[in-house]
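Throughout, a chain's letter reflects where its sequence line sits, starting with A, and its residues are numbered from 1.
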Number of protein chains: 2
Amino acid sequence: MEKQDDDSMEQKIRDAAERLFLNKGFALTSTTEIAKAAGCNQALVHYYFRTKDRLFEAVFAEKVKLFVEEILNISSEPITFKEKVRRKIVSHYDLLLENPQMPFLIINELITNPERLNAMKTIVAPNIGMVFAQFERELKEEIRKGTIRPMSAFDFVVTMLSLNIMPFLGIPIMKSALHLDDAGVRDLLLKRREENIEIVLRNLGP
Amino acid sequence: MEKQDDDSMEQKIRDAAERLFLNKGFALTSTTEIAKAAGCNQALVHYYFRTKDRLFEAVFAEKVKLFVEEILNISSEPITFKEKVRRKIVSHYDLLLENPQMPFLIINELITNPERLNAMKTIVAPNIGMVFAQFERELKEEIRKGTIRPMSAFDFVVTMLSLNIMPFLGIPIMKSALHLDDAGVRDLLLKRREENIEIVLRNLGP
DNA sequence: ATTATCTATAGATCTATAGATAATGC
DNA sequence: ATTATCTATAGATCTATAGATAATGC
């Protein structure tokens, strides 16, 4: 997670900021609190990152990049379209399992400060349009062959993302409603991954 | 939306609070801002609601109730199981169309202050367990009859909620990525409702 | 010399309350 | 008399910066 186990104070501030931003969002996290968690005084946070805004961006640009690139990275191996889909669901879901609070953070920021993430998006994934167009061609070809039912590439992506992301947003509800601990949540989430594959493939099927 | 077009200052404060909380969440909305939007001074907000917390609860208890009751209200008309499912998707989705920012607000609060909504839940829907158990029996009977594939009631509900809720969380992204105005967004959301019905029914089918 | 770290503080909020005054209902 | 509304302010943040001191690299 950290850059090569760097134990400099700058890195400690980054790590503390990442953890706190993920847990409470940008607005509810103060630089005072970050400093305390990192083990320094509050002025030092500003010494390294100037403003709370820049700190946020420094911490999250790479994390957002991770997600965008994962989604855009489409395998070119000689496997069937459905197998590609299955692998994509799994790899996206597994990235979420490693960063279960990212959906919350991104949604939170999208609403309270859309410009920030929009700016990130264009820097982080300038080729998003091309990748999508390529996927769209592939999907159309499958539809033409009759191996999958007619549907738009947009709808397909929305379906997959909805099913994969939503369970992570629901973690607090599941915990409370089903009286689960962290291990129980993980169990449930892992089972849900298989369910998502089943649903998406059934949805494709002609 | 308001209680019978009440134009009292108390109601104006409620309305302003609702709008602001929905747009920016609890943490980023100040009572000063609410007062300004309602057209009074900030002390009056506290005169009527004592604390910002109580104001939030006063405004949202009923709105959360609306959603919980919609979900729990299962038709007992003599129609097929699949028709019931279709209607449930539509009525839930339509409630979301009328309150498109609710998913954001609920998720935001669940993470930053889970106790609040948990407390609301038990007040607002004490019979949630019974309703779920009833639905579970109905689903099992259909599976036994072979009209739908084996799946847990929990997975079924997660699927439906994921597909219905996520598009509303994605509104800011869709707006920016597809350069849509409000009417365009509404169009897309309405089309998506039909897609959700298709997906959920395909997922049921044996 | 330069970089890292600290103390102290200005200036801007924000919530909640006290206490004064205006409006309303008997 | 009671209720609604206002002004003013205490007290608690919080961000950002200035300026002092300690640690480090030539």
query: Taking NZ, NE, NH1 and NH2 as the nitrogens, is one of them in Glu195(B) or Arg202(B) under 4.0 Å from a carboxylate oxygen of the other?
result: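 Judged by the 4.0 Å cut-off on N to carboxylate O distance, Glu195(B) and Arg202(B) do not form a salt bridge.
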
task: Would you check if the side chain of Asn23(A) reaches a backbone N or O of Arg19(A) as a donor-acceptor pair within less than 3.5 Å?
output: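 Indeed, once roles are kept as given, a pair shorter than 3.5 Å links the two residues.
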
Length of the [atom1]-[atom2] vector between [X] and [N], whole Å:
X        : N       : atom1 : atom2 : result
Gln11(B) : dT5(D)  : CD    : P     : 13 Å
Glu10(B) : dA23(C) : CD    : C1'   : 17 Å
Tyr48(A) : dC6(C)  : OH    : C1'   : 12 Å
Lys24(B) : dT13(C) : NZ    : P     : 12 Å
Asp53(A) : dC14(D) : CG    : P     : 17 Å
Leu44(B) : dT5(D)  : CG    : C1'   : 6 Å
Phe49(B) : dT15(C) : CZ    : P     : 15 Å
Lys36(A) : dT5(C)  : NZ    : P     : 20 Å

task: Tell me whether the centres of the aromatic rings in Phe156(A) and Phe135(A) are closer together than 6.0 Å.
output: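 They qualify: ring centres under 6.0 Å apart.
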
query: Given that both distances must come in under 3.5 Å, which nucleotide forms a Watson-Crick or G-U wobble pair with dA22(C)?
result: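 Its partner is dT3(D).
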
Complement of dT9(D), any strand, by Watson-Crick or G-U distances under 3.5 angstrom: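 Per the H-bond distance test, dA16(C).
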
Could you check which of [options] has an atom nearest any side-chain atom of [X]?
X        : options                  : value
Ala43(B) : dA8(C), dT15(D), dC6(D)  : dC6(D)
His46(B) : dA16(C), dT7(C), dT7(D)  : dA16(C)
Asn41(A) : dC6(D), dC14(D), dC6(C)  : dC6(C)
Lys52(A) : dC6(D), dT15(D), dT17(C) : dT15(D)
Thr32(B) : dT15(C), dA16(C), dA4(C) : dT15(C)

message: If you count every heavy atom of other residues, nucleotides or ligands that lies below 6.0 Å from Lys84(B) atom NZ, does the total exceed 12?
response: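 Count over threshold, so yes.
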
message: Please determine whether the number of non-hydrogen atoms from other residues, nucleotides or ligands lying under 6.0 Å from atom NZ of Lys82(B) exceeds 12.
response: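 Count over threshold, so yes.
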
task: Indicate, with a heavy-atom threshold strictly under 4.0 Å, whether Tyr47(B) touches base, sugar-phosphate, or nothing.
output: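 Base contact.
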
query: Going by modelled atom types, is there a donor-acceptor pair between the base of dA16(D) and the side chain of Gln42(A) at under 3.5 Å?
result: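 Per atom types, the contact qualifies.
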
